[in-house]
Amino acid sequence: ENDVPDKDSFRFFSLGGSNEVGRSCHILQYKGKNIMLDAGIHPAHQGLASLPYYDEFDLSTIDLLLISHFHLDHAASLPYVMQRTNFRGRVFMTHPTKAIYRWLLNDFVKVTSIGDSPGRDSSNDNLYSDEDLAESFDRIETIDYHSTMEVNGIKFTAFHAGHVLGAAMFQIEIAGVRVLFTGDYSREVDRHLNSAEVPPQSSEVIIVESTFGTATHEPRQNRERKLTQRIHAVVSKGGRVLLPVFALGRAQEIMLILDEYWQNNKEELGNGQVPIFYASNLARKCMSVFQTYANMMNDDIRKKFKDSRTNPFIFKNISYLKNLDEFEDFGPSVMLASPGMLQNGLSRDFLEKWCPDEKNLVLITGYSVEGTMAKYLLLEPEAIPSVHNPETTIPRRCQVDEITFAAHVDFRENLEFIELIGASNIILVHGESNPMGRLKSALLSNFSSLKGTENEVHVFNPRNCVFVDIEFKDVKIA
Ligand SMILES: [Zn+2]
């Protein structure tokens, strides 16, 4: 049974994604309405263990479920919620999120089933089937950016969040109280995306990601230069470069950078001298989604789209690779392969093939979640376990490096955005405990001058399943 909050009290709690990165799922309760934000899985776990704590809440009471973007830690348990629980609410996401969700989760179902080792209870490992996915797909509704919808008296509007194609921030209004949920967001100018925008109306509560805590990113141009120079140096010595990437989203940004660099260094790298591969069985399907939704990208890239000679998503130096069998491993090459955290699948196969050679480089460009191989590899272990034979270890002599293109705000960008929103209640989610704790301290000290005034800023960093109750006394009903 659910503990129902006081009539005038706004309640927030997470079933996942609080004081951790992974399995995002947050619940809002106010004036008898229940809203769920995101339905992800935890990439470091498998099967039921990867789910948010759905048993802790009666999902049949949820009116509305909003999905911020297609990444697995925000969307991959949605078919489970819709098909395997008593959830009966309505589900919304943007058009591109829905289009990509379909293919991505189809792949996710396949990868997790292939990953089953004999002797393990595989029924427990498959959260849902292809049929569940297809049925859930038909019941998902879409929302356009900047349009407002209403479900059971709950109004909500989608805004650009940057981060990946289709990512949205949701501003939700219940009985005059406005809440902004950022999902994952970025504010830096990107090669292909619009950056996150500030909604025209104010919010009383902001639920904001804290992935990078108080860390500062290097300027984008420096990171691009580092990336291309590091890769160039390795391939000119005959090494192979593995870039583990999530199949879609940030991978396209990396491809735009590499394709341009190869084009500018044709004599040395072009014409197949050092081939670049994008190894994903989703490559072709998802490229067509990128083409279809060009109108949702930034002005700069939209201009180039009009002309097939300049269409930036028709890569001149990158070829698609469906599997390892069709790959001939001669000489230096650059391989973008999924999944991004090297848990299993193609990127893991390439890691195990290439990690014994010190000439090779594994370059991590995304955010690596605690407990995944990508995070472990950054500690430069002497050896790694083989995914197919866990008793066997493989020596790790390759170079390992990290240059982030994860498209999450850093501290300065996050603080600036939080100040622009001006909410007096800040709820931190989507961050490991330490960076989140540091962000909380930095925010409290930033707003310390308001302490004791009527504009005092409250910052919360709750753990999973811990309630944050906020009283709204004299809310002006719109
Ligand atoms: Zn994300």
Side-chain angles (χ1 to χ4, degrees), residues 14 16-18 20-26 37-44 50 52 65-78 93-94 96-101 103-105 107-108 158-170 180-188 190-196 207-213 215 217 244-254 280 282 286 289-290 293 296-297 338-343 364-372 374-375 402 404-410 413-414 417 428-432 435-436:
S14 296
S18 273
E20 65 179 350
V21 175
R23 58 177 158 189
S24 284
C25 183
H26 316 291
L37 303 171
D38 283 345
I41 54 102
H42 197 299
S50 69
L65 166 48
L66 303 174
I67 300 288
S68 63
H69 65 293
F70 60 69
H71 275 155
L72 298 183
D73 56 330
H74 297 262
S77 65
L78 181 59
M93 53 178 71
T94 65
T97 298
K98 187 175 173 183
I100 296 169
Y101 163 90
W103 302 120
L104 265 187
L105 293 202
D107 189 57
F108 176 71
F159 294 96
H160 286 290
H163 191 59
V164 288
L165 181 62
M169 291 189 175
F170 289 104
L180 182 69
F181 172 53
T182 65
D184 290 356
Y185 82 106
S186 58
R187 289 277 281 167
E188 167 182 85
D190 199 293
R191 279 177 179 246
H192 73 297
L193 294 174
N194 290 302
S195 65
I207 301 161
V208 62
E209 66 140 302
S210 31
T211 316
F212 283 103
H217 295 330
V245 289
F246 189 68
L248 262 167
R250 302 313 304 161
Q252 277 64 32
E253 183 77 3
I254 304 281
S280 165
L282 296 176
C286 290
V289 176
F290 266 69
Y293 291 104
M296 295 194 182
M297 297 181 197
S338 63
M341 298 184 213
L342 300 160
Q343 306 95 307
I364 310 277
T365 57
Y367 178 81
S368 305
V369 170
E370 283 301 332
T372 61
K375 188 80 180 179
E402 186 180 30
T404 181
F405 285 86
H408 292 278
V409 284
D410 71 359
E413 292 160 337
N414 209 0
F417 185 78
L428 303 179
V429 296
H430 198 284
E432 302 295 344
M436 186 186 280

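Counting starts at 1 for both ligands and their atoms, following the listed order.
For the atom pair Asp38 CG and Leu66 CG, the distance stands at 8.5 Å (nearest 0.5 Å).
Closest to the Zn ion (ligand 1) among the N, O or S atoms of Asp184 is OD2. Counting just the N/O/S atoms of His71, the one with the shortest distance to the Zn ion (ligand 1) is named ND1. Atom NE2 is the N/O/S atom of His69 found closest to the Zn ion (ligand 1).
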Review point. After noting the C-alpha distance and the side-chain angles of Val164 and Leu248, does the key distance pass the side chain to side chain contact (heavy atoms under 4.5 Å, CB included) rule?
Key: CA-CA 8 Å; Val164 288; Leu248 262 167; over 6 Å; no
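Residue His74: no N/O/S atom is found under 2.8 Å from the Zn ion (ligand 1).
Under the 3.5 Å distance criterion, with hydrogens and angles disregarded, no donor-acceptor pair is assigned to the side chains of Ser186 and His163.
A heavy-atom distance below 4.5 Å is found between the side chains of Thr404 and Phe212.
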